[in-house]
Amino acid sequence: MMRCKMKNIPYHCCVYATILLLLLLGAASPSPLESKKKITTSVDVGLVVDVSKKSGLLLESLIKMANSDFYDTYPFYTTRLALRIDYPTSSIDVASAVVELLKDEVKAIMGPKSLVGAKFIMELGEKSHVPIISFDDSSYSCLHIQSPYLIANVVPFNASLAPIIALFKQFQWREVALVCEAGMYDTDLFPSLLDSFQNAGVHISYISIISHTSSNHQICNELHKLDELQTKIFLVYMRPELGSRLFGQAKTLEMMREGYAWVITDALANSLHSIDRNLMKSLDGVVGIRPHVPLSRDLENFRKRWQEHSHMMKGSSITTHELIVYGSWAYDTIWALATGIERIGNREELSFVKENNNKNGREISHLGISSVGHLLMKEITNPRSRRLVEELFKSRKERDLLKSYEIINLDGGERIVGYWTPDEGISRELDSNDASKNPTSVEGLKKIIWPGDTTTQPYGWLPQKGKKLRVGVPKKTGFTEFVKVEKNNDTNESNVTGFCIDLFEAALELLPFPVVPEYIPFMNSTGQSNGTYDQLLHKLQTKVELDAVIGDTTIVSYRTPLMDFTLPYTEPGIVMLVPIKDSKLNGIWVFIKPLKWDLWCTIIGACLFVGLAIRILERNGNPQWRTGLFFCFPMLILAFPERKIVANKWSRFVLVIWLFMAYIIMQGYTASLSAILTIEQLQPSRTDYSCVGYYGGSYSLEILTKQLKYNESQLHPYQTMEQFHDALKNGCQNGGVDAIFDDIPNIRLFLHRYGPKYVTVGRKYHTDGFGFAFQLGSPLVSYMSKAIVNVTESDRMKVLEDAYFGPNYSSDRDFYPQIAPEAPGLSVYNFAGLFIVIAVATIVALLCSEARYGQKCARKQGSSFSSSQIASVDDDYDDIVSINGASTNIVLTTHNSRNDAIEHGLGHVDVVADSIHDEVELTIRHN
């Protein structure tokens, strides 16, 4: 153990002094890391920026700051990134700059943005195995071909489709026009885009392609085409340079006023910092979506660090989101790139390999191949690399599935009004417990300022200036209560009236925007109908002559793919109408009708069976049953229910069951006969219809021929209710028809006038009723459907029905009852259970009565009175069959049996009452 030589100094002080001396000596000597710091290797990396734009200045400043911060943090690294910066001003210059940098054998190239040469640059990187890193450009978003040497900080358009479609559903927009920058429009990508919108019920009515080289005049011409569309909802997918010019011209053309809606994708929403302040005012009222990046502590520190470093960017406007999306991406790229170079440089030689088999002599073909390009790509995307925003370094496929998006509203600046996530849909906040979240209500977003400085949501449709809604109406000669067209020969103008017209105008009054209709009758120069309903509706497909068709137009399946219909406003279905006949039965044999012949026969058979059974049961104890009485006894017992007519208890059991069955059958017979005699029997005049009429020009002909398989020779078209009535009255044999096949609204109106003479028969064939037809994809359909529901549920509907169909008409009243062929009488099947019961009961009674056990009981009863015999006495006791011995048992059926027996001299009588049958048993003893 060491001992301190200075005795006056404590030992522990000596130990502390020794440690301090060693630390001072270590600090004074150079460390191995500091010695290595002086031995560094410069590695060239390329940077291509356009400093004529704010985004270029921002990018250059961020990369320089990141490079400086990295090596200040890791001063002992042996490699250094040497930035080789090129400043191109056009797409061609960008491609040329990339080629020159590859000639200089840079290990990576950052920032090249060229919409025209994007594919060429990507192929250069793939050929030379040099990573191409893009920061803030959508140039590569349309390239669906993946490259192993491309890292692009861009979210493809199809990745943001889900939040865009959710936004359209939120606002209930059904039609949109797509405005896309040329070069960003990919013909292989957009078919899937169209399918996605179509599956969501959103129709893309027009796609406008605008080149970034277009002049303002050309942009205005394209905007004029957009303004002529019915829809006023526009989805913009373009870069900020062209997007700012587009909105500037749109504001000049007054397309940023109330009623219009503009939605921008993240290609523009992420780059708002690059738009001039004056042009930003033209974007007021625009709604956009962009990926959401959570703000962490590191990102907050980065933002503060940038504010300290950006003294050279004074006067520039860059939001926190833009700094995070692009600034953090560029910042982390430098850190990841420098880390990868350090790791690779310590174990691999950073060199290029030249190809010597090139025979074409072209300069570009002499580019070398990086020996470490594939290793550098792995290092850049390595999760262990330090980064501010991890989401931004995921693979392109993973970035297609970003978890959340922000919904922003531009109004003198940008404001977040909501969020979208795959699980929760649209909500005001990202908190899963947010009570305001509602994926199907506009209340799920905060207040939005729309174009025109209004909070009223655009409905997606505005009538063109000075243009009316062209509405086609059919020319009818019958059922004019629905639509009536009258032509004034003096003025050559047509007056259109009717139930459908008034209902249509009542719905228009409820729309949130004004629509002025122009009715165009579908008739020829002679004032007659110009064709069928299908020919009229076909004009909607051309989208040239008509915007809508109203009238008694039925919604059927083969029409819906060609046009859009509103909700129906009448009862759906199509039925058969026939004349009726009074088949009231008043003949002399009407009493036989309630029961069918098989039931009559079964009743007769049951009577014989029960009578025979009672005859067997009564053969020993009742002499009168030795005659043929049993054949009619079951019927006689119903009229003369005397109990003394049978003596055997099993016979009584059978009679009880028989009376129960007879009572039920009599009740059914009485009810059926009452119905026949009192209720008027209305039946169709025919059950087979060889000639059928239909409303001429309607779709009923197709149902009759294709579904019901009628030949056209059996079918006759009619136009008016009077023609229907006359044809049904005459019948097929007299030049008329046996039945009429038409829509329920027409049949209901017909029955309202001729109801007592006709009735509907058969099934109801399904249709969706009458509706208003519009061009396919028309945004008016949803608004008109809502308005129709409001009208039909209000008192206005009853007023219209009374005005055109009569005061007693009601579409809510039950239809006239459908009369089927004459109902059959009661059959044996209806009472099969009763006949089974009576048969089983009778057989059981016979078996029990004739069994040995029953006979034994009878003998036992007789032996207990050995000195007596059984005598049967009638009511007057005039005849006593036999009296022998000391006493005789006599069964009497009157309460005065005792007195009567004594009067006959039978001796002392003991009376015992039977409580069940109310009989009196007398025991008579001889005096």
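No experiment lies behind these values; they were computed from the predicted model shown.
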Chemist: With sequence neighbours left out, what residues match Asp50 under side chain to side chain donor-acceptor pair (under 3.5 Å)?
Modeler: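 Per chain and number, Asp50 pairs via side chain to side chain donor-acceptor pair (under 3.5 Å) with Ser52.
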Chemist: Taking side-chain contact (heavy atoms from CB on, under 4.5 Å) as the test, write out the residues that go with Ser211, two or more places apart.
Modeler: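 side-chain contact (heavy atoms from CB on, under 4.5 Å) check on Ser211 returns Ala182, Thr213, Ser214.
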Chemist: Mind checking side chain to side chain donor-acceptor pair (under 3.5 Å) for Ser244 and listing every partner two or more places apart, or none if nothing turns up?
Modeler: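 Once residues adjacent in sequence are excluded, Ser244 has no partner under the side chain to side chain donor-acceptor pair (under 3.5 Å) criterion.
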Chemist: Residues two or more places apart in sequence or in another chain: which of them pass salt bridge (charged side-chain N to carboxylate O under 4.0 Å, His left out) with Lys64?
Modeler: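 So Lys64 forms a salt bridge (charged side-chain N to carboxylate O under 4.0 Å, His left out) with Glu60.
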Chemist: Sequence neighbours left out, what passes side-chain contact (heavy atoms from CB on, under 4.5 Å) with Ala250? Give chain and number order.
Modeler: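 Only Leu223, Met255, Met256, Trp262 meet the side-chain contact (heavy atoms from CB on, under 4.5 Å) criterion with Ala250.
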Chemist: Using the test ring-ring contact (aromatic ring centres under 6.0 Å, His included), find all partners of His129 that sit at least two apart in sequence or belong to another chain.
Modeler: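 Listed in chain order: Tyr149.
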Chemist: Which pairs count as salt bridge (Lys or Arg N to Asp or Glu O under 4.0 Å) when at least one residue sits in residues 190-204, sequence neighbours excluded?
Modeler: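 The answer is none; no pair qualifies.
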Chemist: Residues in salt bridge (charged side-chain N to carboxylate O under 4.0 Å, His left out) with Asp93, at least two apart?
Modeler: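 Result, salt bridge (charged side-chain N to carboxylate O under 4.0 Å, His left out) vs Asp93: none returned.
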Chemist: Can you list everything that forms a salt bridge (charged side-chain N to carboxylate O under 4.0 Å, His left out) with Asp104? Sequence neighbours excluded, please.
Modeler: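 Here the qualifying residues are Arg84.
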Chemist: With sequence neighbours left out, what residues match Ser215 under side-chain contact (heavy atoms from CB on, under 4.5 Å)?
Modeler: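 Ser215 satisfies side-chain contact (heavy atoms from CB on, under 4.5 Å) with His217, Gln218 once adjacent residues are dropped.
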Chemist: Considering only distance and modelled atom types, tabulate donor-acceptor pairs under 3.5 Å from the side chains of residues 280-289, sequence neighbours left out.
Modeler:
residue, atom, partner, partner atom, Å
Ser282, OG, Leu279, O, 2.5
Asp284, OD1, Gly412, N, 3.0

Chemist: Taking only residues two or more places apart in sequence or in another chain, which ones pass side-chain contact (heavy atoms from CB on, under 4.5 Å) with Ile165?
Modeler: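 Ile165 satisfies side-chain contact (heavy atoms from CB on, under 4.5 Å) with Lys169, Ser196, Phe197, Ala200 only.
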